[in-house]
Amino acid sequence: MSAFDILKERGFIEQLTHEDEIKELLEKEKITFYIGFDPTADSLHVGHFIALMAMAHMQREGHRPIALIGGGTAMIGDPSGKTDMRKMLTKEDIQKNSEALKNQMQRFIDFSDNKAIMVNNADWLWNLNYIDFLRDVGVHFSVNRMLTAECFKLRMEKGLSFLEFNYMLMQGYDFLELNKRYGCVMELGGNDQWSNIIAGVDLIRRKEGKPAYGLTFKLLTNSEGKKMGKTEKGALWLDAEKTSPFEFYQYWRNVNDADVEKCLALLTFLPMDEVRRLGSLKDKEINEAKKILAFEVTKLVHGEEEALKAEQAAKALFESGGDLSNAPSSEISTELLGQKVLDVLIEAKVIPSKSEGRRLIQQGGLYINNEKITDMDFVIDESLFKDGEMLVRKGKKTFHRIIIK
RNA sequence: GGGACGGUUCCCGAGUGGCCAAAGGGGGCAGACUGUAAAUCUGUUGGCGCAGCCUUCGGUGGUUCGAAUCCACCCCGUCCCA
């Protein structure tokens, strides 16, 4: 099976610039391709993970990935599909973020022996000469056509600054540069990158008279078409500090029945026969598939050890047995003993405010050591702690161990 | 630069002197039902010492017993003109 067939079968592909040619190319040749990641935050999130999986599949089939860190493009900010301009990042932040992304990426892609390349477009974008750039690259872009691009649609009403308008040229130029430096012939990206990818493909074809190709992935959406990978706290990060392995595991453990198969195909390396079998399980049975999904994805992102711990914690909390010690926890000082629940829970960051805590208790959603708390003035004393530990449950699914320091 | 319109609580959006912590919807949270799912129904959704008080309606000052609502200046956005 070629990389093309694999990506297709697993449901990665959304759009292709030249379907037949790309199919043939990936079957017959080992190519160099690239995916860009802008360092707009200090961690990658699930959206990037799809791209990394695609990259890994391609690499397994012998193609050479270039992971492009957008230290230069992050200075501009991609307006594609966004309703508002993002706040501008400082050079320092961008550099810090670039380092973070670089480290994370090495966990997923094998960069040894030149099997993959990592570059930063800051290398060529930061010192670009404006006039030269306009004459070399700018001529090839039609403003009329750009204005009709899908990626700017949302901005034609809300406003688009000239700064952001240039993003497309920068990304197109990246592709050209990678084509010249490394013989990169294909750019992959999320479907929101379609316009930007075409910009590069066209630029190479026009300026170099060489073939270049583009392919976009489906955005990870659930069966209702909403973006996945969002939690109450924001994105689902790949950094264990920002989203704990347990939280990460639980996210996948709780996906909709209808999305299980799609997630298994996209986010794990399980063979498709197995994916289809698991995805077709019905009713309660599908919980087994969700456990496998959660375990496999967590394993890829955080390693087997963390995945096992998360699995154990989930088992301890929702079933029985299993090791509780890996469930989320926080420490409080002994001075808080004798204080009321709300004060203690605030300190442990289980609730953000007392009003919210009161509401929780009024609505019967707070449990301590599996006993429902109904009294606002309930006092937390030492007798509640077994081995220095107390289990707080908020609603059905949020567990929190509170440990005395 | 000139003119028109706008900036409201997590988001969208109503509110044009007191009855406004501010309608409605979305989202979130909790409860019931379940399978740690979905759908549905119910409650709730600024903070605190919670029948009371405090802070909020772009910013700063002002008018008034009282302002999200009126006035002045400023900042930001969209549109039309240059």
Side-chain angles (χ1 to χ4, degrees), chain A residues 79 82-88 147 152-164 221-236 246-264 278-295 297-298 310-322 324 326-328 339-343 345-347 349-368 370 372-377 379 391-400:
Chain A
K82 298 193 177 64
T83 51
D84 297 290
M85 182 168 155
R86 297 260 202 102
K87 79 171 207 297
M88 277 206 246
L147 252 14
F152 295 133
K153 277 253 167 65
L154 282 168
R155 293 309 206 77
M156 295 320 285
E157 288 171 23
K158 284 229 166 188
L160 176 69
S161 69
F162 186 66
L163 172 80
E164 299 171 285
T221 52
N222 66 18
S223 46
E224 284 140 26
K226 286 183 195 148
K227 257 193 202 170
M228 287 185 74
K230 291 276 177 202
T231 68
E232 324 73 80
K233 291 171 202 156
L236 197 62
F246 177 76
E247 260 180 281
F248 190 84
Y249 177 95
Q250 282 299 127
Y251 183 87
W252 302 109
R253 176 61 252 266
N254 283 314
V255 295
N256 293 174
D257 291 4
D259 298 321
V260 172
E261 188 167 323
K262 177 165 52 184
C263 290
L264 282 166
L278 291 169
S280 64
L281 293 173
K282 290 278 174 292
D283 304 322
K284 286 185 187 180
E285 296 286 298
I286 202 160
N287 278 323
E288 291 313 308
K290 291 184 191 181
K291 284 180 195 171
I292 292 171
L293 168 68
F295 179 78
V297 185
T298 308
E311 190 179 58
Q312 283 291 308
K315 200 174 172 214
L317 295 169
F318 293 100
E319 297 170 26
S320 57
L324 240 175
N326 297 304
Q339 301 285 312
K340 292 179 182 170
V341 236
L342 296 178
D343 295 299
L345 295 188
I346 292 238
E347 196 59 30
K349 298 209 165 59
V350 176
I351 49 171
S353 72
K354 288 193 193 179
S355 295
E356 196 153 319
R358 273 195 201 94
R359 241 171 263 137
L360 233 200
I361 293 175
Q362 271 160 12
Q363 298 182 134
L366 182 71
Y367 292 77
I368 287 180
N370 280 316
K372 189 189 271 191
I373 303 299
T374 49
D375 177 12
M376 296 294 174
D377 299 321
V379 171
L391 184 65
V392 175
R393 194 177 109 212
K394 176 176 163 278
K396 268 177 290 207
K397 287 189 275 189
T398 314
F399 291 88
H400 207 90

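What you see is a predicted model, and the numbers here were worked out from it, not measured in a lab. Letters A, B, ... are given to chains in the order of the sequence lines, protein chains preceding strands, and every chain is numbered from 1.
Nucleotides B:A82 and B:U16, compared at atom C1', are 34 Å apart to the nearest Å. Using P as the reference atom, B:U9 and B:U60 are 15 Å apart when rounded to the nearest Å. B:A14 and B:G58 have their P atoms separated by 14 Å, given to the nearest Å. As rounded to the nearest Å, B:G6 and B:U69 have P atoms that lie 14 Å from one another. Going from the C1' atom of B:G24 to that of B:A72 covers 34 Å, rounded to whole Å. For the C1' atom pair drawn from B:C70 and B:G1, the interatomic distance equals 29 Å after rounding to whole Å. B:G17 and B:G26 have their C1' atoms separated by 31 Å, given to the nearest Å. For the C1' atom pair drawn from B:G62 and B:A21, the interatomic distance equals 25 Å after rounding to whole Å.
Under a cut-off of 6.0 angstrom, the local environment of CD in A:Glu285 is sparse, with at most 12 non-hydrogen atoms contributed by other residues, nucleotides or ligands.
Residue contacts shown for A:Val255 are limited to sugar-phosphate atoms, with no base heavy atom under 4.0 Å away. Counting non-hydrogen atoms under 4.0 angstrom, A:Gln362 reaches nothing in the nucleic acid. Among the protein residues, A:Ser353 comes within range of the sugar-phosphate backbone only, with heavy atoms under 4.0 Å from sugar or phosphate atoms but none that close to a base.
The base-pairing partner of B:C5, taking Watson-Crick or G-U wobble contacts with both distances under 3.5 Å, is B:G77. With a 3.5 Å ceiling on both atom-pair distances, the Watson-Crick or G-U wobble partner of B:A30 is B:U42. B:G24 is paired with B:C12 under the criterion used here, namely a Watson-Crick or G-U wobble arrangement in which both key atom distances are under 3.5 Å. Nucleotide B:C19 is matched to nothing when pairs are restricted to Watson-Crick or G-U wobble geometry with both distances under 3.5 angstrom. If you check B:U63 for Watson-Crick or wobble pairing at under 3.5 angstrom, you find it has no partner at all.
Nucleotide B:G47 holds its C1' atom 16 Å from the CG atom of A:Leu360, rounded to whole Å. In this structure, the NZ atom of A:Lys397 is 12 Å from the C1' atom of B:C29, given to the nearest Å. Between the C1' atom of B:G35 and the CZ atom of A:Arg253 lies a distance of 8 Å, rounded to the nearest Å. A:Ile351 has its CD1 atom 13 Å from the C1' atom of B:C48, to the nearest Å. Distance A:Met376 CE to B:G49 P: 12 Å, rounded to the nearest Å. In this structure, A:Arg359 places its CZ atom 14 Å from P of B:G31, rounding to the nearest Å. Rounded to an integer number of Å, the gap from A:Lys290 NZ to B:U34 C1' is 11 Å. B:G31 atom P lies 8 Å from atom NZ of A:Lys372, rounded to whole Å.
Taking the side chain of A:Ile286 as heavy atoms from C-beta on, and the options B:A30, B:G35, B:G47, the nearest nucleotide is B:G35. In the set B:C48, B:A30, B:U34, B:U34 carries the atom at the smallest distance from any side-chain atom of A:Lys396. Closest to the side chain of A:Lys354, out of B:A30, B:C48, B:A32, is B:C48. Considering only side-chain atoms of A:Lys394, the nucleotide from B:G35, B:A37, B:C29 that sits closest is B:C29.
Of all the heavy atoms in A:Asp377 and A:Lys340, the pair that sits closest is OD1-NZ, 3.4 Å. Shortest non-hydrogen contact noted between A:Pro79 and A:Glu164 is CG-O, 3.5 Å. Smallest separation of non-hydrogen atoms from A:Tyr249 and A:Ala294: O-CB, 3.4 Å. Between A:Leu281 and A:Ala289, the closest heavy-atom pair is CD1-CB, 4.2 Å.
Formation of a donor-acceptor pair under 3.5 Å by the A:Arg393 side chain with backbone atoms of A:Gly395 is found in this model.
The 5' end of RNA chain B is approached more closely, in terms of each residue's nearest nucleotide, by A:Thr398 than by the other of A:Asn287 and A:Thr398. Taking for each of A:Asp343 and A:Lys282 the nucleotide of RNA chain B with the nearest heavy atom, the 5'-most of the two is the partner of A:Lys282.
The existence of a salt bridge linking A:Glu356 and A:Lys394 is excluded, since no basic side-chain nitrogen approaches an acidic carboxylate oxygen closer than 4.0 Å.
The base of B:G43 sits with one of its N or O atoms less than 3.5 Å from a complementary donor or acceptor on the side chain of A:Gln363.
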